[in-house]
Amino acid sequence: MRNFSKSRRVVIKIGTSTLSTNDGVNPAYFVTLAEQVAALRESGRQVVIVTSGAIGMGAKRLKLAGPVVDMKLRQACAAIGQPLLMHEYYKAFGECGLIVSQVLLTAEVLSKRKTYLNLQNAVETLLRLGVVPVVNENDCVSTAEIGTAFGDNDKLSALVASKIDADLLIMLTDIDALYDKDPRQYPNAKPIRVVEDITADIEKAAGKKGSLHSTGGMKSKLAAAQIAATAGCRIVLAHGQEPDIITRIMAGETVGTLFMPKGKLSNRNRWILNSKPEGTVRVDAGALEALRKRKSLLPKGITGIEGHFEVGAVVMINDAAKAVVSLSADELRELAGRHSAEIRDRLGQDRRDVAALPEDIVFLTP
Ligand code: GLU
């Protein structure tokens with residue numbers, strides 16, 4: 001039996017297909033959603049919603065047929081659809097006595113420590129006021145072309161759950177569980193009720209991107225589950241159209257697929273791990289081994305620098321780790337390969353020579 005009685009902070013991610021029918025947005029859905037969220041609020045839980053649907057609603061309003069692929073048109077559709085989407089939340093949640101708020105994010109906002117902390121303050125304040133934050137990507141200004149997009153709301157929901165230390169992330173989609181093989185191809189496919197670890201076999205079962213209908217597909221759901229799991233957050237993936245699905249999940253019913261959390265990383269380490277790297281620092285094998293033993297990154301072991309970044313940026317260390325650098329790309333280019341003694345002899349005793357401190361380095365795999 002699953003037990004979520006102690007989960008105080010819950011993020012609910014809702015996909016476009018869940019919110020709408022073929023004829024457009026489904027107002028009845030917002031009503032049942034609002035009723036279930038109101039019940040959660042009454043039981044003392046804080047709820048954050050991550051919603052999709054802005055682009056779809058904008059496209060419907062413009063009477064566009066078929067999926068919108070042109071980037072500029074997607075931006076325009078998002079700008080049209082987002083207020084329509086919020087209007088549905090405002091109406092349905094208002095009927096249940098709940099206040100909703102709109103929070104639009106870009107990957108850049110979450111990657112920069114200052115803006116991320118700023119966002120955290122705003123969300124914490126909204127939650128303290130008993131308001132339900134409704135989060136979406138700011139699709140009008142953040143696009144894959146300029147490299148600021150999350151890509152999909154699965155990832156966004158996991159990052160939000162991680163950043164606000166949620167105990168549970170409920171991902172509502174158009175499939176009722178993760179299966180051991182593609183259920184559309186294999187009638188004997190079996191649902192997997194609990195995933196302890198996202199292994200290669202589980203990834204294989206999920207298939208390719210988009211192979212299971214929903215926007216990002218099961219693959220992006222697994223990537224999202226990985227992010228949330230390292231934040232100590234449990235994830236339940238379930239069919240959004242099943243009656244009272246949120247209430248049933250919270251009551252511990254065995255529906256959907258439950259992904260178990262992993263050892264919880266600190267908030268700062270999670271921020272480093274989930275930030276978009278601004279460049280790469282290449283190091284030799286000896287230096288990488290030293291970093292694994294929690295030593296500082298010194299210029300001596302650096303073999304190359306890729307990209308332009310300033311002090312405080314998050315960068316990749318080879319393909320193995322992410323780190324916050326204490327020196328800029330230009331400084332590192334000047335110092336790469338030199339011994340600390342040589343650096344001090346040539347550049348002065350007070351010259352800093354640590355490229356990254358151990359507490360600022362996080363390996364992608366333990
Ligand atoms: N942010 C997009 C929208 O509101 C949806 C992205 C997704 O479905 O993953 O339309």
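What you are looking at is a predicted structure, and each value in this text was computed from that prediction instead of being measured. Every number for a ligand or one of its atoms is a count from 1 in the order of the listing.
Not a single N or O atom of E137, backbone or side chain, sits closer than 3.5 Å to an N or O atom of ligand 1. Taking any N or O of D152, backbone or side chain, none lies under 3.5 Å from an N or O belonging to ligand 1. Below 3.5 Å of separation, one finds no N or O of D154 facing any N or O of ligand 1.
A cation-pi arrangement is absent between R234 and F4 under the rule of less than 6.0 angstrom and at most 45 degrees off the ring axis. For K163 and Y116, the positive end sits near the middle of the six-membered ring, less than 6.0 Å away and at most 45° from its axis.
Side chains of E137 and L104 form no contact here, defined as non-hydrogen atoms less than 4.5 Å apart. Inter-residue side-chain proximity for I317 and L291 is flagged as met; some heavy-atom pair is nearer than 4.5 Å. Between S157 and K155 the shortest side-chain heavy-atom distance does not fall below 4.5 Å.
Numbered from 1 in the order shown, with element, the atoms of ligand 1 that lie under 4.0 Å from a heavy atom of N136 read 1 (N), 3 (C), 4 (O). The distance from ligand 1 to the heavy atoms of A54 drops below 4.0 Å at these ligand atoms: 3 (C), 4 (O), 10 (O).
Contact annotation for N153 and ligand 1: heavy atoms of both the backbone and the side chain come within less than 4.0 Å of the ligand.
Not a single heavy atom of G15 lies less than 4.0 angstrom from ligand 1.
Using a 4.0 Å cut-off between charged nitrogen and carboxylate oxygen, E203 and K219 do not count as a salt-bridge pair.
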